Enquirer: 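Here it is, the structure, as structure tokens.
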Amino acid sequence: MNAATNPLIGYLLVAALLFAIGLAGALTRRNAILVLIGIELMLNAANLNLIAFWRYGPHPEALTGMMFAIFSIAVAAAEAAVGLGLVISIHRHAHTTDLDAMNRMKG
Amino acid sequence: MSFVFYVLAALSVAGALAAVLLKNTVHCALAVTIAFAGIALLFLQLDAQFAGFAQILIYIGAVAILVVFAILLTRGSETPKGTVYSHFPLVGLLTAAAIFAVLGWAVLSSAPMLPNESAPPTVAVIDIGNALMGRYVLPLEIVALLLTAALIGAVIVAMHEKAGAQ
């Protein structure tokens, strides 16, 4: 069975690619905000997996994957708010968002 | 696979790649907005209207604006002079490539066992509301508490500790 017969495979591969891109961004960028963007991309890729399995799974009326994705979106929004607040706070103390320059635990 | 899927997948992946590769932070934020929009349209393509519109509202409407605000508040809008990558970018790239290889191998090797329901689900927003108020009411309350705590925490963390201390 290939992607032409089962569309779920295409969605899963796209989600895997988005996850890998987000991970590469989170691991290689210097700017803390771009690391957060990479984490958001990874969360979005996971949501795409959840929705794709909900759509092509056997019991979509149970709404399990949909609910998981909705709660995941809410948690990701909370994470983004706190993460960006932390970045702004660190910038106020250290005057940089460069992660390689943040080598002290104590401000 | 429909033509629309390939267009949306290419849009999402191109936005994500641009967000990771571009030098200017503001350009990265705009590129990631395109990726979020592509993913929202993929949700709509998957007959998940509620999740798609929630994605548009939350990610494009809130998270992208929050990212742009954070970039402007940290004066990150200028293009950096030197490199934008960390000291060992190859390690991160290799890790990401290895993860993608493992995930792709897992998907392709389990392809015959994957579910394939062709009939689109007939789920209305009222069903989602009933599920949220019925079976999923405890997670809903926990998420409400989490969002309240995150809101207060973000304000406290980003707030000036002492007025006029700077």
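Nothing here was measured: the structure is a model prediction, and the numbers come from that model. Throughout, protein chains are lettered first and strands after them, A, B, ... in sequence-line order, and every chain is numbered starting at 1.
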Enquirer: Do A/V35 and B/L90 land in one hydrophobic cluster if side-chain heavy atoms of ILVMFWY residues count as linked below 4.5 Å?
Expert: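 Different clusters: A/V35 never reaches B/L90 through Ile, Leu, Val, Met, Phe, Trp or Tyr contacts under 4.5 Å.
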
Enquirer: Rounded to the nearest 0.5 Å, what's the gap from CD1 on A/I51 to CZ on B/F50? Could you check?
Expert: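 If we round to the nearest 0.5 Å, A/I51:CD1 and B/F50:CZ are 10.5 Å apart.
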
Enquirer: Looking only at non-hydrogen atoms, find the nearest pair between A/I37 and B/A29 and report the distance.
Expert: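 The answer is CD1-CA, 4.2 Å.
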
Enquirer: Considering non-hydrogen atoms only, spot the tightest contact between A/Y11 and B/L42 and give its length.
Expert: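 Shortest heavy-atom separation between A/Y11 and B/L42 comes out as CE2-CD2, 3.7 Å.
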
Enquirer: Which one of A/G65, A/P60, A/A77 has the most heavy-atom pairs closer than 4.5 Å to chain B?
Expert: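 The answer is A/P60.
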
Enquirer: Below 4.5 Å from any heavy atom of chain B, which atoms of A/L17 appear? Answer side chain, backbone, both or neither.
Expert: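 Contact with chain B is through both the backbone and side chain of A/L17.
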
Enquirer: Count the heavy-atom pairs under 4.5 Å between each of B/P139, B/S110, B/A9 and chain A, then report the option with the highest count.
Expert: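 Sorted descending by pairs with chain A, the first entry is B/P139.
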
Enquirer: Is the shortest side-chain heavy-atom distance between B/F69 and A/L84 below 4.5 Å?
Expert: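 B/F69 vs A/L84: side chains apart.
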
Enquirer: Do the non-hydrogen side-chain atoms of B/P121 and A/R55 ever get within less than 4.5 Å of each other?
Expert: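 Yes, at least one pair of side-chain atoms sits under 4.5 Å.
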
Enquirer: Heavy-atom distances under 4.5 Å only: say whether B/L132 touches chain A with side chain, backbone, both or neither.
Expert: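 For B/L132, heavy atoms of backbone and side chain both lie under 4.5 Å from chain A.
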
Enquirer: Report the distance from atom CZ of A/R30 to atom OG1 of B/T25, rounding to the nearest 0.5 Å.
Expert: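 These two atoms lie 12.5 Å from each other.
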
Enquirer: Linking I/L/V/M/F/W/Y whenever any side-chain heavy atoms sit under 4.5 Å apart, do A/I73 and B/V32 land together?
Expert: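 Shared cluster, yes.
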
Enquirer: Taking side chain as C-beta onward, heavy atoms only, is B/L8 less than 4.5 Å from A/V14?
Expert: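 No, too far: nothing below the 4.5 Å cut-off.
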
Enquirer: At what distance, to the nearest 0.5 angstrom, does OG of B/S12 lie from CG of A/L48?
Expert: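 One finds 7.5 Å between OG of B/S12 and CG of A/L48.
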
Enquirer: Are the side chains of B/I142 and A/F71 in touch, meaning some heavy atoms are under 4.5 Å apart?
Expert: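 With C-beta onward as the side chain, the pair stays apart.
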
Enquirer: Please say yes or no: joined through hydrophobic side-chain contacts below 4.5 Å, possibly via intermediate residues, are B/L30 and B/I34 part of one cluster?
Expert: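 As far as the 4.5 Å side-chain criterion goes, B/I34 and B/L30 are not connected within one cluster.
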
Enquirer: Need one label for A/L86: side chain, backbone, both or neither, based on atoms under 4.5 Å from any heavy atom in chain B.
Expert: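 Contact with chain B: backbone and side chain both.
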
Enquirer: Is there a donor-acceptor pair under 3.5 Å between the side chain of A/R92 and the backbone N or O of B/M159?
Expert: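 Pair found, side chain donor or acceptor close to backbone of B/M159.
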
Enquirer: Is B/A16 close to chain A through its backbone or its side chain, or both, or neither, when contacts mean heavy atoms under 4.5 Å?
Expert: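 Looking at B/A16, backbone and side chain both touch chain A.
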
Enquirer: Select, from A/G85, A/A32, A/A76, the one with the greatest count of heavy-atom pairs under 4.5 Å involving chain B.
Expert: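 The option with the most such pairs is A/G85.
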
Enquirer: Looking at A/V82, A/I21, A/D98, which makes the most heavy-atom pairs under 4.5 Å with chain B?
Expert: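 Among the listed options, the one with the most contacts to chain B is A/I21.
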
Enquirer: At a 4.5 Å cut-off on heavy atoms, which part of B/F36 comes close to chain A: side chain, backbone, both, or neither?
Expert: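 Just the side chain, heavy atoms under 4.5 Å.
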
Enquirer: Could you tell me which portion of B/L17 (side chain, backbone, both or neither) has an atom closer than 4.5 angstrom to a non-hydrogen atom of chain A?
Expert: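 Looking at B/L17, backbone and side chain both touch chain A.
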
Enquirer: According to a hydrophobic-cluster definition based on side-chain heavy atoms being under 4.5 Å apart (Ile, Leu, Val, Met, Phe, Trp, Tyr only), do B/F53 and B/V4 belong together?
Expert: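 Linked, B/F53 and B/V4 end up in one cluster.
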
Enquirer: Of all of A/G57, A/A74, A/A26, which one pairs up most often with chain B through heavy atoms under 4.5 Å apart?
Expert: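 Looking at each of A/G57, A/A74, A/A26 in turn, A/G57 comes out on top.
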
Enquirer: By a 4.5 Å heavy-atom criterion (distance strictly below it), what part of B/L66 contacts chain A: side chain, backbone, both, or neither?
Expert: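 It is both, since atoms from each part get that close.
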
Enquirer: To check you understand the geometry: which heavy-atom pair defines the closest contact between A/G25 and B/V20, and what is its length?
Expert: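 In terms of heavy atoms, the two residues are closest at CA-CG1, 3.7 Å.
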
Enquirer: Kindly compute the distance separating CZ (B/F100) from CG (A/L13), expressed to the nearest 0.5 Å.
Expert: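 If I round to the nearest 0.5 Å, the distance is 6.5 Å.
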
Enquirer: What distance separates A/F53 CZ from B/L114 CG, expressed to the nearest 0.5 Å?
Expert: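 Spacing of CZ (A/F53) from CG (B/L114) equals 5.5 Å.
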
Enquirer: Which residue out of A/L18, A/V75, A/I90 racks up the most heavy-atom pairs below 4.5 Å with chain B?
Expert: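 Highest number of heavy-atom pairs under 4.5 Å: A/L18.
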
Enquirer: Does one hydrophobic cluster hold both A/L41 and B/L41, with members joined at side-chain heavy-atom distances below 4.5 Å?
Expert: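 Yes, A/L41 and B/L41 fall within the same hydrophobic cluster.
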
Enquirer: Heavy-atom cut-off 4.5 Å, strictly under: side chain, backbone, both or neither for B/I152 against chain A?
Expert: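 Contact with chain A is absent: no heavy atom of B/I152 under 4.5 Å.
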
Enquirer: Passes side chain to side chain contact (heavy atoms under 4.5 Å, CB included), B/L46 versus A/W54? Steps please.
Expert: CA-CA 9 Å; B/L46 281 165; A/W54 168 78; 5.8 Å; no

Enquirer: Between B/Q55 and A/N47, do the side chains contain an N or O donor and an N or O acceptor separated by less than 3.5 Å?
Expert: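 No pair is found: no donor N or O on one side chain lies under 3.5 Å from an acceptor on the other.
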
Enquirer: Which bit of B/V107 comes within less than 4.5 Å of chain A, counting heavy atoms only: side chain, backbone, both or neither?
Expert: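 The answer is the side chain of B/V107.
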
Enquirer: Given side chains that start at C-beta, do those of A/M67 and B/I128 come closer than 4.5 Å, heavy atoms only?
Expert: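 In contact.
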
Enquirer: Shorter than 4.5 Å, heavy atoms on both sides: which option in B/A106, B/G92, B/A96 has the most such pairs with chain A?
Expert: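 Among B/A106, B/G92, B/A96, the one with the most close pairs to chain A is B/A96.
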
Enquirer: Is there a donor-acceptor pair closer than 3.5 Å between any side-chain N or O of A/R29 and the backbone N or O of B/Y85?
Expert: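 Checked: no pair found.
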
Enquirer: If you compare all heavy atoms of A/L63 against all heavy atoms of B/A131, which two are closest, and at what distance to 0.1 Å?
Expert: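 Here A/L63 and B/A131 meet closest at CD1-CB, 3.8 Å.
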
Enquirer: So which of A/L27, A/L12, A/T28 has the biggest tally of heavy-atom pairs under 4.5 Å with chain B?
Expert: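 Most heavy-atom pairs under 4.5 Å with chain B: A/T28.
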
Enquirer: Measure across B/V67 and A/I33 and return the closest heavy-atom pair with its distance rounded to 0.1 Å.
Expert: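 Shortest heavy-atom separation between B/V67 and A/I33 comes out as CG1-CG2, 3.9 Å.
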
Enquirer: Measure A/A81 against the heavy atoms of chain B and call it side chain, backbone, both or neither at under 4.5 Å.
Expert: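 Both parts, backbone and side chain.
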
Enquirer: Which heavy atom of A/A62 sits nearest a heavy atom of B/R135, and at what distance?
Expert: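 Looking at all heavy atoms of both residues, the closest pair is O-NH1, 4.2 Å.
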
Enquirer: What part of B/V13 lies closer than 4.5 angstrom to a heavy atom of chain A: side chain, backbone, both or neither?
Expert: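 For B/V13, the contact with chain A is made by backbone and side chain together.
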
Enquirer: Where does A/I70 contact chain B at under 4.5 Å (heavy atoms): side chain, backbone, both or neither?
Expert: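 Side chain only.
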
Enquirer: Any heavy-atom pair between the side chains of A/V87 and B/L73 that's under 4.5 Å?
Expert: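 Contact flag for B/L73/A/V87 side chains = no.
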
Enquirer: For A/Y56, does the OH atom sit with more than 12 other heavy atoms under 6.0 Å from it, leaving out its own atoms?
Expert: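 Yes - once you tally the heavy atoms of other residues, nucleotides and ligands closer than 6.0 Å, there are more than 12.
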
Enquirer: Just so I understand: if I count every heavy-atom pair under 4.5 Å between each of B/V102, B/L140, B/I156, B/V91 and chain A, which residue has the most?
Expert: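 Most pairs with chain A among the choices: B/L140.
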
